[in-house]
A.B. asks: 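Here you go, one structure.
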Amino acid sequence: MASSHLLLLTLFCGLFVYRCHGACAEVDSDTEAVAGKGFKLGCISCKRRSEVDGAATVEWYFRPKGEADFMRIYTYNEDGPTIEHDHFVDRVDWNGSKRSNDIQDASIYLLNVTFNDSGTYSCFFNRILFYENYEYNTVVTKVVHLTVVAKASRGTASIVSEVMMYVSIIGLQVWLLIEMIYCYRKIAAAGEEALREAANAEYLAIASESKDNCAGVQVGE
C-alpha cells in the first residue's frame with residue numbers, strides 16, 4: 001500500500017514540475033521605439049488554467065497616429081505567419097511562442113522602425129480551451145501605444161516594466177522551488193514508511209517461521 005502511495009506521489013510531483021516549467025507571466029510591452037532600429041511589440045496572454053490544453057491564433061492590427069481606422073497587419077496560426085499589409089512586408093518577425101499551437105506569447109519584432117510606425121497596435125488572441133466534454137472559445141485583446149523617437153530615452157514606465165518582469169520570474173521560480181522541496185520531502189517520508197513496513201513484514205515472517213520450527217521440534221519429542 002505504501003509503495004503505491006509513493007508511486008502516486010512521485011507521478012503527481014513530476015506532473016506538477018512539468019506544468020510549472022511552462023510558467024507564464026504577463027508583462028506589458030515597451031512603448032517607445034527608436035527610428036532606424038528594431039523594436040519588440042510585446043503581447044502576452046497567460047492561460048488561467050495551465051493544465052487545460054488549448055490552441056490559439058493571433059491577429060495584429062495597427063492604427064497610424066492621427067488615423068481613425070485599424071488595418072490588419074499580421075496573422076499567426078498553425079500554418080505559420082502571414083504579413084497582411086504592404087507597409088510591413090519584410091519588416092515583421094514572429095517573436096512569440098514556438099513549436100506549439102497553444103500560444104501564450106504573441107510578441108512580434110519590427111525591423112527598421114520608421115516614424116510612420118507610430119500609433120496604436122492591437123493584438124488579438126483567438127483561443128480555444130479543450131475540456132473533456134466541450135470546447136471553450138475566448139478572445140483576449142492587448143493594446144500597445146507606440147511612439148517612435150529619434151533618440152532613445154528610457155522612461156520610468158519602461159524601467160518599472162522590466163523590474164516587474166524580473167520580480168515575476170524570480171517569484172515563480174521561488175514558488176516552484178518550494179513546491180518541489182515539499183514534494184520531495186513527501187516522497188522521502190513515504191519511502192521511509194514503505195521501508196519500515198517491509199522491515200516489519202520481514203520480522204513477522206521470521207518470527208512466524210521460528211514459531212513453526214519450535215512447534216515442530218516439540219511434536220518430534
A.B. asks: Is it the case that atom CG in D28 sees more than 12 heavy atoms from other parts of the structure closer than 6.0 Å?
C.D. replies: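 Atom CG in D28 is not packed in, count stays at 12 or less.
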A.B. asks: By the rule that ILVMFWY residues connect when side-chain heavy atoms come within less than 4.5 angstrom, directly or transitively, which residues belong alongside V139?
C.D. replies: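 In the cluster with V139 are Y61, F70, F124.
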A.B. asks: Please give me the minimum heavy-atom distance between V144 and G42, naming the atom from each residue.
C.D. replies: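 Between these two residues, the closest heavy atoms are CG2-O, 3.7 Å.
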A.B. asks: Between S107 and D105, does any side-chain donor sit less than 3.5 Å from a side-chain acceptor?
C.D. replies: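 Note: S107 and D105 side chains meet the donor-acceptor criterion.
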A.B. asks: Is atom OH of Y166 surrounded by more than 12 heavy atoms (other residues, nucleotides or ligands) closer than 6.0 Å?
C.D. replies: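 Atom OH in Y166 is not crowded, with 12 or fewer foreign heavy atoms closer than 6.0 Å.
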A.B. asks: Within a reach of under 6.0 Å around CG of N137, are more than 12 heavy atoms found that belong to other residues, nucleotides or ligands?
C.D. replies: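 More than 12 within 6.0 Å, yes.
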A.B. asks: Taking atom OH of Y131 as the centre, does the number of heavy atoms from other residues, nucleotides or ligands within less than 6.0 Å exceed 12?
C.D. replies: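 Atom OH in Y131 is packed in, count exceeds 12.
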A.B. asks: Please answer whether the main-chain N or O of Q104 pairs with a side-chain N or O of S97 as donor and acceptor at a distance below 3.5 Å.
C.D. replies: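 Here the side-chain-to-backbone pair exists.
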A.B. asks: Name all residues meeting the side-chain contact (heavy atoms from CB on, under 4.5 Å) criterion together with I181; count only those two or more places apart in sequence or in a different chain, and write none if there are none.
C.D. replies: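 Testing I181 for side-chain contact (heavy atoms from CB on, under 4.5 Å), a comparison that skips the adjacent residues, returns L177, R185.
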A.B. asks: Can you tell me if K142 uses its side chain to pair, donor with acceptor, with the backbone of S45 under 3.5 Å?
C.D. replies: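 Side chain of K142 to backbone of S45, a donor-acceptor pair under 3.5 Å: no, none is there.
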A.B. asks: Counting only N and O atoms by type, is there a donor-acceptor contact under 3.5 Å from the side chain of R91 to the main-chain atoms of L111?
C.D. replies: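 Indeed, once roles are kept as given, a pair shorter than 3.5 Å links the two residues.
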A.B. asks: Using a 3.5 Å distance criterion without hydrogens, assess whether the side chain of D30 forms a donor-acceptor pair with backbone atoms of E32.
C.D. replies: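 Looks like no, no N/O pair under 3.5 Å.
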A.B. asks: Donor-acceptor pair, distance only, cut-off 3.5 Å: does the side chain of E26 make one with the backbone of C46?
C.D. replies: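 Judged by distance alone, yes, a pair lies under 3.5 Å.
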A.B. asks: Would one find more than 12 heavy atoms of other residues, nucleotides or ligands at under 6.0 Å from atom CG of D90?
C.D. replies: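 Counting neighbours around CG of D90, 12 or fewer heavy atoms of other residues, nucleotides or ligands fall under 6.0 Å, so no.
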A.B. asks: Please check this pair: side chain of W94 against backbone of G80, looking for a donor-acceptor N/O pair closer than 3.5 Å.
C.D. replies: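 No.
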A.B. asks: Please report the C-alpha distance between H87 and M71 in whole Å, then the side-chain angles of each, then the deciding distance to 0.1 Å, and finally whether the side chain to side chain contact (heavy atoms under 4.5 Å, CB included) criterion is met.
C.D. replies: CA-CA 11 Å; H87 178 69; M71 63 183 76; 5.8 Å; no
